[in-house]
Student: 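Below: one structure in structure tokens.
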Amino acid sequence: MDSSKYLNDPRFAGIKPFEKKLWLSSPTVHGEEQKWVDEAIQTNWISTVGANITAVERLTAELVGCEYAVALSSGTAALHLAVKLCGEKIYGKPAAGHGTLEGHQVFCSDMTFSATVNPVAYEGGEAIFIDTEYDTWNMDPAALERAFELYPEVRIVVLAHLYGTPAKIEKIVEICRKHDALLIEDAAESILATYKGKQTGCFGDVSAISWNGNKLITGSSGGMLLTNNKAWAIQARKWSTQSREDAAWYQHDELGYNYRMSNIIAGIVRGQLPHAREHLEQKKTNYELYKKALSDLPVKMNPADFENSEPNYWLSCMIIDENAMCRQVRSEKEALYNTEPGKSCPTEILEALAAFNAEGRPIWKPMHLQPIYRFHNFVTKTTQSRARMYSTPGEVHTDVGADIFKRGLCLPSDNKLTPEEIAKISDIIHRCFE
Ligand SMILES: *Cc1c(COP(=O)(O)O)cnc(C)c1O
């Protein structure tokens, strides 16, 4: 992208680039992390056993309000083990070299990060993508109902709570119970977000959170598997440490993984945990400042006011009204748009922000639009048959995920943004509509 196009555009006259880059969501270190990491080093406990690991498992379970937390190397590892637990429970233990989900389909959130759904493929399963709803930008319960009508044999659902806003989780749990399906919650982005006072990550049979560098709090990397099922927590911990049996040598009855969190990473998480709530408040302030500053534009913020739910406001996002969208064309890897008075589009806004040294991001591109998943089915609330949607002539389709991807974007949402910086970002966005 050529920044001079924006820096020389008379619409942006008088605006100077931010001196220090403004990030979408960067880590915020407080100091206590050092103490726990130092302690690990001084006591020589720097491997995958130690006091920090034990502490963060206990503290995270307490913070979220579930029985067990298993400390792992990433949120993706947690999702993989969650999928494997559900797969074994329903379909039994496969022979070595085979996935637990071979020959089986799994319903998955569609508009999400690929890490939500890839673990289904790791286990040999086939993801079927469920459309998004406007109310929460998460899995549409009506589309999930429709999917169970079309595929009554499916027994596992993987649901993500996007950008920190809880899905209609009570309804989703009810649909899963009705169809005797297990629910995996991907709460990687939504730690501390609640529905009716209960935190995301506590509704499903098993869930995953992430301590990746751009999440609400971080261990630099790392993640956790959460569950109320003691046997599952023990099983996940065993798998994560190479599945050693209790024997005098390395004895293996099942496949193992090297997914355990290190005591150094756990030290960073341990130092960050007391600051989770404070980060949430800062993110909420960002959201409210943006909402106010953008209220006179033909845009809306991402949903945060769905009944009974309280988001963690991880990312502030906006969506442009359909009639205020300038023409924008996206190929697989590039985008072009026309400048039009009174209108704008995500491409223009993201490029303008980047030219002034601020990082935004497109909405997660839906999985059913991703080349790796192009042969997978996608179910919306209006889908009428099991055939791949684009191959059935005459069917009318809603595609909410594709629409939000087209019109939406994530704003710089770092918890260290100042009100002045948010005002200036909002000013740049206003000028995009001139
Ligand atoms: C970050 C994220 C993950 C993956 O977590 P890692 O710790 O990076 O492996 C999974 N799902 C969603 C929705 C995420 O945002």
Side-chain angles (χ1 to χ4, degrees), residues 23-27 56 60 64 69-84 106-123 127 129-130 132 136-139 157-167 169 172 183-193 199-201 203-204 206-226 236 240 257-262 265-266 268-269 272-273 276 279 283 302 311-317 361-367 370 373 401 404-405 408 410 413:
W23 299 100
L24 181 82
S25 184
S26 72
V56 295
T60 305
V64 177
V70 181
L72 300 171
S73 54
S74 69
T76 310
L79 283 160
H80 183 189
L81 298 187
V83 163
K84 200 174 152 83
V106 173
F107 294 148
C108 297
S109 284
D110 177 55
M111 193 180 85
T112 183
F113 184 34
S114 61
T116 308
V117 308
N118 285 342
V120 170
Y122 300 166
E123 287 302 313
F129 302 114
I130 309 299
T132 309
T136 69
W137 287 16
N138 290 306
M139 185 186 281
V157 175
V158 186
L159 164 101
H161 301 280
L162 216 63
Y163 300 131
T165 295
I169 188 67
I172 302 269
L183 175 63
I184 298 169
E185 277 178 279
D186 177 354
E189 301 181 358
S190 67
I191 180 137
L192 294 186
Q199 289 198 33
T200 58
F203 290 88
V206 52
S207 33
I209 54 176
S210 165
W211 307 127
N212 175 305
N214 70 10
K215 300 296 176 359
L216 193 71
I217 57 167
T218 181
S220 73
S221 65
M224 297 243 174
L225 178 140
L226 307 176
S240 78
Y257 302 84
N258 182 5
Y259 278 174
R260 192 69 167 147
M261 181 182 282
S262 97
I265 299 281
I268 302 177
V269 176
Q272 289 260 295
L273 277 168
H279 289 194
K283 298 271 192 181
N302 55 318
N312 73 2
Y313 300 91
W314 175 55
L315 293 189
S316 292
C317 310
R361 191 161 71 184
I363 297 299
W364 295 123
K365 181 172 176 173
M367 290 300 120
Q370 299 287 357
Y373 289 120
I404 298 175
F405 173 63
C410 307
S413 301

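Read the numbers this way: they start at 1 and go in the same order the structure lists the ligands and their atoms. Numbers for residues simply follow the sequence, beginning at 1. None of the values given here were measured: they were computed from a predicted structure.
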Student: With heavy atoms of Ala188 as the reference, note each atom of ligand 1 found under 4.0 Å away.
Tutor: 2 (C), 3 (C), 10 (C), 11 (N), 12 (C), 14 (C)
Student: How does Ala160 reach ligand 1, if at all, at less than 4.0 Å between non-hydrogen atoms: by side chain, backbone, both, or neither?
Tutor: neither
Student: Under the 3.5 angstrom rule, does the side chain of Asp110 hit a backbone N or O of Pro366 as a donor-acceptor pair?
Tutor: no
Student: Rounded to the nearest 0.5 Å, how far does CZ of Phe113 lie from CG of Leu79?
Tutor: 10.5 Å
Student: If you measure every N or O of Trp364 against every N or O of ligand 1, does any of those distances drop under 3.5 Å?
Tutor: no
Student: Can you name the nearest heavy-atom pair linking Glu123 to Val83, along with the distance?
Tutor: CG-CG1, 4.0 Å
Student: Does ligand 1 come near enough to Gly75 that some N or O of the ligand is less than 3.5 Å from an N or O of the residue?
Tutor: yes
Student: Starting from atom 2 (C) of ligand 1, what is the nearest protein heavy atom, named by residue and atom, and what distance separates them?
Tutor: Lys215 NZ, 2.8 Å
Student: For Gly222, state whether at least one heavy atom is located under 4.0 Å from any atom of ligand 1.
Tutor: yes
Student: Give the minimum heavy-atom separation between Gly75 and Ala208, together with the two atoms involved.
Tutor: O-CB, 4.0 Å
Student: So, does His161 sit close enough to ligand 1 that a heavy atom of it is under 4.0 Å from the ligand?
Tutor: no
Student: Which of the numbered atoms in ligand 1 are under 4.0 angstrom from any heavy atom belonging to Ser74?
Tutor: 7 (O), 9 (O)
Student: Provide the number and element of each atom of ligand 1 under 4.0 Å from a heavy atom of Thr116.
Tutor: 11 (N), 13 (C)
Student: Just by distance, do the side chain of Glu185 and the backbone of Gly204 share a donor-acceptor pair under 3.5 Å?
Tutor: yes
Student: Check ligand 1 against Ala115 and write out every atom of the ligand that is under 4.0 Å from a heavy-atom position of the residue.
Tutor: 3 (C), 4 (C), 10 (C)
Student: Output yes when a side-chain donor or acceptor of Thr60 lies under 3.5 Å from a complementary backbone atom of Ala69, and no otherwise.
Tutor: no
Student: Only one of Asp186, Thr112, Ile169 forms a side-chain contact (heavy atoms from CB on, under 4.5 Å) with His161, so which one is it?
Tutor: Ile169
Student: What protein heavy atom is closest to atom 15 (O) of ligand 1, reported as residue, atom name and distance in Å?
Tutor: Glu189 OE2, 2.6 Å
Student: What protein heavy atom sits nearest atom 9 (O) of ligand 1, and how far off is it?
Tutor: Thr76 OG1, 2.5 Å
Student: Between Ser240 and Leu81, which heavy-atom pair has the shortest distance, and what is it?
Tutor: CB-CD1, 4.1 Å
Student: Donor-acceptor pair, distance only, cut-off 3.5 Å: does the side chain of Trp314 make one with the backbone of Lys283?
Tutor: no
Student: Between Trp137 and Cys317, is any pair of side-chain heavy atoms under 4.5 Å apart?
Tutor: yes
Student: What part of Asp186, side chain from CB on, backbone N/CA/C/O, both or neither, has a heavy atom under 4.0 Å from ligand 1?
Tutor: side chain
Student: If you measure every N or O of Trp314 against every N or O of ligand 1, does any of those distances drop under 3.5 Å?
Tutor: no
Student: Polar contacts were defined as any N/O atom of the residue lying under 3.5 Å from an N/O atom of the ligand; does this apply to Trp211 and ligand 1?
Tutor: no
Student: Tell me the closest heavy-atom pair linking Leu216 and His279, and the distance in Å.
Tutor: O-ND1, 2.7 Å
Student: For atom 5 (O) of ligand 1, what's the nearest protein heavy atom and its distance?
Tutor: Ser210 OG, 3.2 Å
Student: Looking only at protein heavy atoms, which one is nearest to atom 8 (O) of ligand 1, and how far off is it?
Tutor: Asn212 ND2, 2.9 Å
